[in-house]
Trainee: 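What follows is a structure written as structure tokens; I'll ask about it next.
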Amino acid sequence: MKHDFAAIEKKWQEKWEEAGIFNASEDHTKQKFYGLVEFPYPSGAGMHVGHIKAYSGLEVVSRKRRMQGYNVLFPIGFDAYGLPTENYAIKTNTHPRVVTDTNIANFTSQLKRVGFSFDWTRVVDTTEEGYYKWTQWIFRRMFDEGLVFRATTLVNYCPSCKVVLSNEDSQGGKCDICHSDIVQKSKDVWYLRITEYADKLLFGLDGVDYLPNVRLQQENWIGRSEGAFANFTIQGTDDALRIYTTRPDTMFGVTFMVIAPEHPIIAQYADRISNMEALNAYREECAKKTEFERTQLVKDKTGVRIEGLSAINPANGREIPIFISDYVMMGYGTGAIMAVPAHDERDYDFAKKFGIDIIEVIKGGNIAEAAYTGDGEMVNSDFLNGITTKKEAIAKMLDYLTGKGVGEKGVQYKMKDWAFNRQRYWGEPIPIVHCPVCGMVGVPYEELPLRLPNMDQFEPGEGGESPLAKVESFVNCTCPKCGGAAKRETDTMPQWAGSSWYFLRYCDAHNEDVFASKEALSYWLPVDWYNGGMEHVTRHMIYSRFWHRFLYDIGEVPVAEPYAKRTAQGLILGPDGDKMSKSKGNVVNPNDVVDEYGADVLRVYVLFMGEYSSATPWNDSSVRGIKRFLDRVAALTDMAQGEGVTPKLESAFHKTVKKVSCDIEDMKFNTAIAAMMALINDIYEVGTLTRDELGIFARILCPFAPHICEEIWAFLGGEGFASLAPWPEWDEAKTVDATVTYAVQVNGKLRATIDLPKDVDKDTAIAAAKEDAKVQQFMADKTIVKEIFVPGKIINIVVK
RNA sequence: GCCGGAAUGGCGAAAUCGGUAGACGCCCGGGACUUAAAAUCCCGUGAGGCUAACACCUCGUACCGGUUCGAUCCCGGUUUCCGGCACCA
């Protein structure tokens, strides 16, 4: 058979679609498998080979599961709200709806050309009314439960995109969308109280199977730290300055305090402070700095001492000065710290610069040179002196603070609340009404969806307000509570909203009464296996776990954690080894590969390139190697004859079926493919195989290269589709050879190999090894010191 | 700076409860088929040495050292690269 990929791929894709064989069954008595891949953002550029790799992993797993008899849900959809579409719409003066529809149509045809076994009856589009109605509904539930709040704060603002960004979207001081520098701006912002879920998100990780680095990144992002709060009395008042520290054991080494420039204590005690001008000047200087500047100039500590205010160290009653400095942030802990210069690098730098005392309380370093942050014996610390472990010292100090009522154990998180609004058009309208009488009122559930009004100008306003503010018919409304005149919120949700629950909608994609029926949810959840990119581990993954956990807490979903297992694929780099990018001109378009070599080749190649989770450069010649492999597979139809087994191939077949079966489970697709290549090399060497054996080959290759395998299956007269044919079994006994090749070493160096029966005993094996001429040569005139025999592996004779 | 991960032929990579390093693929070389080319099929392919040839020997998994009969794998140290976090108290 000739491998006419263009003809057979189209043919089988049509047949699959016609028969609907990849649509998840409504039969909830069968064992289920829910495989999830991250739905794409339908950009104008079309699909990228990276998408193909990202989807091919679970595509293979899902196809194998179907062949194993599972009821498989392997859905796809489009995360279509967002800035790139809106910016393109503004540039070309086209409505984002039109742009989105065009892009989705393009992505759909590309995905179908690759032959992915998605359930196309459950496609989700986050911008459709029937979908965003429920995004708004969940938000409303959060609003009811007090998880939504509004605050005026300094926010990360992108002057180019004219939007407020969350911390997650502005890492490194750059806008995640356009990479411009972020500025700090005071703004009214909607927040979701994700910090309330910090512990649930952290401890939820214990019950799931995530890739270790995925888990670690989430743990770091949540950033739980255990320590203590302590109150430092402000000299001459009954008031106290409250601090958070992870090192209460070092409290006898405190020689000053530092508060954030924005700390309210300054205004509160303005009348006592004698250098207000200097403080104000410093505060102004800090406000001008961008987040980036503030964190980049790490070495150079700046600050001003607050004249007229001092504090009392609760450990020893010593009076200490208070400074303001921008190395202390208002957003973490209490915005105030106790400074222990001897044992904290930042405090050390500050103390050196301002000539403050440095008191050693832990032995082990040289505080004349640098801060010592290690363990050691406590000194200069009254009741802690002599203690040698940090744990014990912390416990003692905590007892002391609690006993005196000036402090207690405490926990802090690095994670911040989620800034949840954008001043842009192409997003879900926030279903809140501002009433002059009632305040903020939620749009009634029965009025959802709150439709995005149709507009033809989408530019944000000059003051950074949402384009929706221009639509009077949208803005002006009546208060749902009191019936008086009110105004609608005009901000929209951030692009992460729609993707925070899409996996739930797939379970019951067309339900109009609920976001998904309880029955469908309890059958399909949790997602058995979720694969995606590492770049989504700290945003999408955290956000969606949060939304899901919220729904669990209010009884809307049956399981606490949405994803039972999470893996990640590595990038495909350009042929030059650099990250693919338009500007570098090293982007590979999947369409071109399908045109030239076919979808099967593309699918097998992206999985063969290297380890699935690591970044690997694209190589055109290697793609041709895969073409060669599949052509050889097609040609087996001319070689196959007769039924049953070919004795010379029997063991190789059992071994390969086992290898491929196991490797798929471990996502070791590259070695699974290599094993099938090795098998075909064996078949060509033997020169023949039976039709039954070809049927086995076609089935184990089917998840990787389904089109050609369907063609072979049809050629063999197989029933139905290869894609639904039973997954081949292997016989463990037949994977074990009767003889084993032993490596024979003398003094650890390989000198010969000998074939011995698989259950040979030590004495026989060593005797056989000694017969070997080479071995004798290296043993000549020497005394045997030791004889080592590792069953099935090696014989080593040690001589002197 | 802190926390992870990695380093193996000309190239992508295999092999780790310590046991024949380089499976599989690419590239390259040789041969068969062909009027010829492409395609296909077969053979070779870590480096160095030695040989007429077969054989054989030495070295070799970033670098230095250790444990062991035996180390790509374990331990200590160093270098480089990638990812994450980054004044988080």
Side-chain angles (χ1 to χ4, degrees), chain A residues 171-172 212-221 223-225 227-228 243-247 250 257-258 260 294-301 325-329 331-340 344-347 349-350 373 412-416 534-535 537-538 570-571 573 577 579 604-605 608-611 613-626 628-629 631-632 635 668 670-681 684-685 741-753 774 777 785-799:
Chain A
Q171 294 175 41
N213 53 337
V214 170
R215 182 189 174 133
L216 192 72
Q217 270 192 40
Q218 294 210 353
E219 285 173 348
N220 289 344
W221 189 261
R224 181 187 161 99
S225 95
I243 60 98
Y244 175 75
T245 180
T246 52
R247 298 296 305 273
T250 61
M257 297 185 79
V258 185
R294 211 167 144 165
T295 53
Q296 279 305 297
L297 307 165
V298 177
K299 288 165 216 143
D300 222 18
K301 293 281 180 293
S325 173
D326 63 359
Y327 85 87
V328 173
M329 312 289 163
Y332 184 80
T334 61
I337 63 157
M338 63 176 216
V340 186
D344 180 285
E345 281 167 32
R346 293 149 305 171
D347 298 347
D349 293 344
F350 195 87
T373 54
Q412 285 291 306
Y413 304 92
K414 286 185 192 172
M415 190 168 71
K416 307 265 194 336
M534 283 307 293
E535 69 276 17
V537 165
T538 50
L571 292 176
L573 305 173
K579 206 172 158 175
V604 175
Y605 177 63
F608 181 68
M609 297 172 83
E611 201 186 324
S613 60
S614 52
T616 315
W618 184 271
N619 183 305
D620 282 317
S621 299
S622 294
V623 177
R624 285 193 286 279
I626 300 298
R628 223 167 274 152
F629 166 57
D631 287 349
R632 277 158 73 86
K668 291 166 83 175
N670 53 340
T671 49
I673 294 162
M676 291 186 278
M677 288 172 166
L679 177 60
I680 208 168
N681 288 344
Y684 271 66
E685 198 181 314
T741 303
Y742 277 84
V744 183
Q745 301 179 334
V746 178
N747 285 349
K749 291 206 166 162
L750 181 72
R751 296 303 177 192
T753 59
K774 281 281 301 295
Q777 184 191 324
V785 183
K786 202 172 177 183
E787 289 165 339
I788 291 146
F789 172 74
V790 182
K793 296 257 165 83
I794 209 159
I795 297 157
N796 187 12
I797 298 167
V798 186
V799 296

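Chain naming here is simple, since letters A, B, ... match the order of the sequence lines and numbering starts at 1 in each.
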Trainee: Rounded to whole angstrom, note down the C1' distance from B:G9 over to B:A13.
Mentor: 11 Å
Trainee: Once side-chain contact (heavy atoms from CB on, under 4.5 Å) is applied, do any residues pair with A:Asn220, and if so which ones, sequence neighbours excluded?
Mentor: A:Leu216
Trainee: In terms of the nearest nucleotide of RNA chain B, which residue is placed more toward the 5' end: A:Met338 or A:Gln217?
Mentor: A:Gln217
Trainee: Please find the pair of heavy atoms, one from A:Val258 and one from A:Ser325, that lie closest to each other, and give the distance.
Mentor: CG1-CB, 3.6 Å
Trainee: Shortest non-hydrogen contact from A:Tyr742 to A:Val790?
Mentor: CE2-O, 3.6 Å
Trainee: For a quick check of understanding: with a heavy-atom distance under 4.0 Å over all strands, which category does A:Asp347 fall into, base, sugar-phosphate or nothing?
Mentor: nothing
Trainee: C1' atom, B:U58 versus B:A7: distance in rounded Å?
Mentor: 25 Å
Trainee: Please measure how far the P atom in B:G65 lies from the corresponding atom in B:U72, and state the result in whole Å.
Mentor: 15 Å
Trainee: Only Watson-Crick and G-U wobble pairs, only distances under 3.5 Å, only runs of 3 or more: what stems does that leave for RNA chain B?
Mentor: B:1-7 with B:79-85, B:10-12 with B:24-26, B:28-32 with B:40-44, B:46-49 with B:56-59, B:62-66 with B:74-78
Trainee: Just how far, in rounded Å, is P of B:C81 from CG of A:Leu571?
Mentor: 19 Å
Trainee: If the condition is side-chain contact (heavy atoms from CB on, under 4.5 Å), which residues does A:Lys579 pass it with, not counting sequence neighbours?
Mentor: A:Leu571
Trainee: Give one of base, sugar-phosphate or nothing for A:Gly223, where a contact means two heavy atoms less than 4.0 Å apart.
Mentor: nothing
Trainee: In whole angstroms, how far is the P atom of B:A14 from the CE atom of A:Met677?
Mentor: 14 Å
Trainee: Evaluate the ring planes of A:Tyr327 and A:Phe350, with Trp represented by its six-membered ring, and classify them as parallel (under 30°), tilted (30 to 60°) or perpendicular (over 60°).
Mentor: tilted
Trainee: Between B:A14, B:C57, B:C87, which nucleotide has the shortest distance from any of its atoms to the side chain of A:Met329?
Mentor: B:C87
Trainee: Taking the side chain as every heavy atom from C-beta outward, state whether A:Asn670 and A:Met609 have any atom pair closer than 4.5 Å.
Mentor: no
Trainee: Looking only at atom C1', what distance separates B:G60 and B:G22, rounded to whole Å?
Mentor: 11 Å
Trainee: Measuring only the P atom in each nucleotide, how far is B:C59 from B:G70? A whole number of Å is fine.
Mentor: 14 Å
Trainee: Determine the minimum heavy-atom distance between A:Ala260 and A:Met329, stating which atoms define it.
Mentor: CB-C, 3.8 Å
Trainee: Work out how far the P atom of B:C56 is from that of B:A38, and round it to whole angstrom.
Mentor: 37 Å
Trainee: I'd like to check the side-chain contact (heavy atoms from CB on, under 4.5 Å) partners of A:Ile680; sequence neighbours left out, ordered by chain and number.
Mentor: A:Phe629, A:Arg632, A:Val633, A:Leu636, A:Tyr684, A:Phe697
Trainee: B:A89, OP1 or OP2 - any side-chain N/O from A:Tyr244 closer than 4.0 Å?
Mentor: no
Trainee: B:G84 P sits how many Å from A:Met534 CE, rounded?
Mentor: 9 Å
Trainee: Could you check whether A:Arg215 gets within reach of a base, just the sugar-phosphate, or nothing at all, counting any heavy atom under 4.0 Å?
Mentor: nothing
Trainee: Closer than 3.5 angstrom, by distance alone: can the side chain of A:Tyr605 be matched with the main-chain N or O of A:Asn619 as a donor-acceptor pair?
Mentor: yes
Trainee: Roughly, in whole Å, what's the span from CD in A:Glu611 to P in B:C24?
Mentor: 20 Å
Trainee: In whole Å, measure the gap between the P atoms of B:G5 and B:U40 for me.
Mentor: 43 Å
Trainee: CD of A:Gln218 versus C1' of B:C85: gap in Å, rounded?
Mentor: 14 Å
Trainee: Indicate whether OP1 or OP2 belonging to B:G25 is found under 4.0 Å from a side-chain N or O atom of A:Asn670.
Mentor: no
Trainee: Contact class for A:Glu787 vs. all strands (heavy atom < 4.0 Å): base, sugar-phosphate, or nothing?
Mentor: nothing
Trainee: RNA chain B: A:Tyr413 or A:Ala675, which has the more 5' nearest nucleotide?
Mentor: A:Ala675
Trainee: Indicate the atoms forming the closest heavy-atom contact of A:Asn747 with A:Val799, along with that distance.
Mentor: OD1-N, 2.9 Å
Trainee: Measure from the side chain of A:Lys414, starting at C-beta and using heavy atoms only, and say which of B:A15, B:C24, B:C85 lies closest.
Mentor: B:C85
Trainee: What residues form a salt bridge (Lys or Arg N to Asp or Glu O under 4.0 Å) with A:Glu611, not counting sequence neighbours?
Mentor: none
Trainee: Residues in side-chain hydrogen bond (donor to acceptor under 3.5 Å, both in side chains) with A:Thr671, at least two apart?
Mentor: A:Asp663
Trainee: Could you work out, with salt bridge (Lys or Arg N to Asp or Glu O under 4.0 Å) as the rule, every residue matching A:Arg215, not counting sequence neighbours?
Mentor: A:Asp206, A:Glu219
Trainee: With salt bridge (Lys or Arg N to Asp or Glu O under 4.0 Å) as the rule and sequence neighbours excluded, what pairs involving residues 787-799 of chain A come up?
Mentor: A:Lys770-A:Glu787
Trainee: Provide, to the nearest angstrom, the distance between the OH atom belonging to A:Tyr332 and the P atom belonging to B:A86.
Mentor: 12 Å
Trainee: With heavy-atom distances below 4.5 Å as the criterion, would you say the side chains of A:Asn213 and A:Met534 are in contact?
Mentor: yes
Trainee: Which whole number of Å gives the distance between the P atom of B:U80 and that of B:C63?
Mentor: 15 Å
Trainee: So which protein N/O to nucleotides 3-12 of chain B N/O distances come out below 3.5 Å?
Mentor:
unit_1	atom_1	unit_2	atom_2	d
B:G12	O2'	A:Met609	O	2.6

Trainee: The criterion is side-chain contact (heavy atoms from CB on, under 4.5 Å); which residues satisfy it with A:Arg224, sequence neighbours excluded?
Mentor: A:Asp199, A:Leu202, A:Phe203, A:Glu226, A:Val411, A:Tyr413
Trainee: Can you give me the N/O atom pairs linking the protein to nucleotides 37-43 of chain B at distances under 3.5 Å, or say none if there are none?
Mentor:
unit_1	atom_1	unit_2	atom_2	d
B:C41	OP1	A:Arg632	NH1	2.6

Trainee: Indicate syn or anti for B:G10, taking the glycosidic torsion and treating anything within 90° of 0 as syn.
Mentor: anti
Trainee: Please list each protein N or O that sits under 3.5 Å from an N or O in nucleotides 16-22 of chain B, with the distance.
Mentor:
unit_1	atom_1	unit_2	atom_2	d
B:G19	N2	A:Gln745	OE1	3.1
B:G19	N2	A:Asn796	ND2	3.4

Trainee: Roughly how many Å is it from CG in A:Asp344 to P in B:G1, rounded to a whole number?
Mentor: 17 Å
Trainee: How long is the line joining CZ of A:Arg751 and P of B:C56, in whole Å?
Mentor: 11 Å
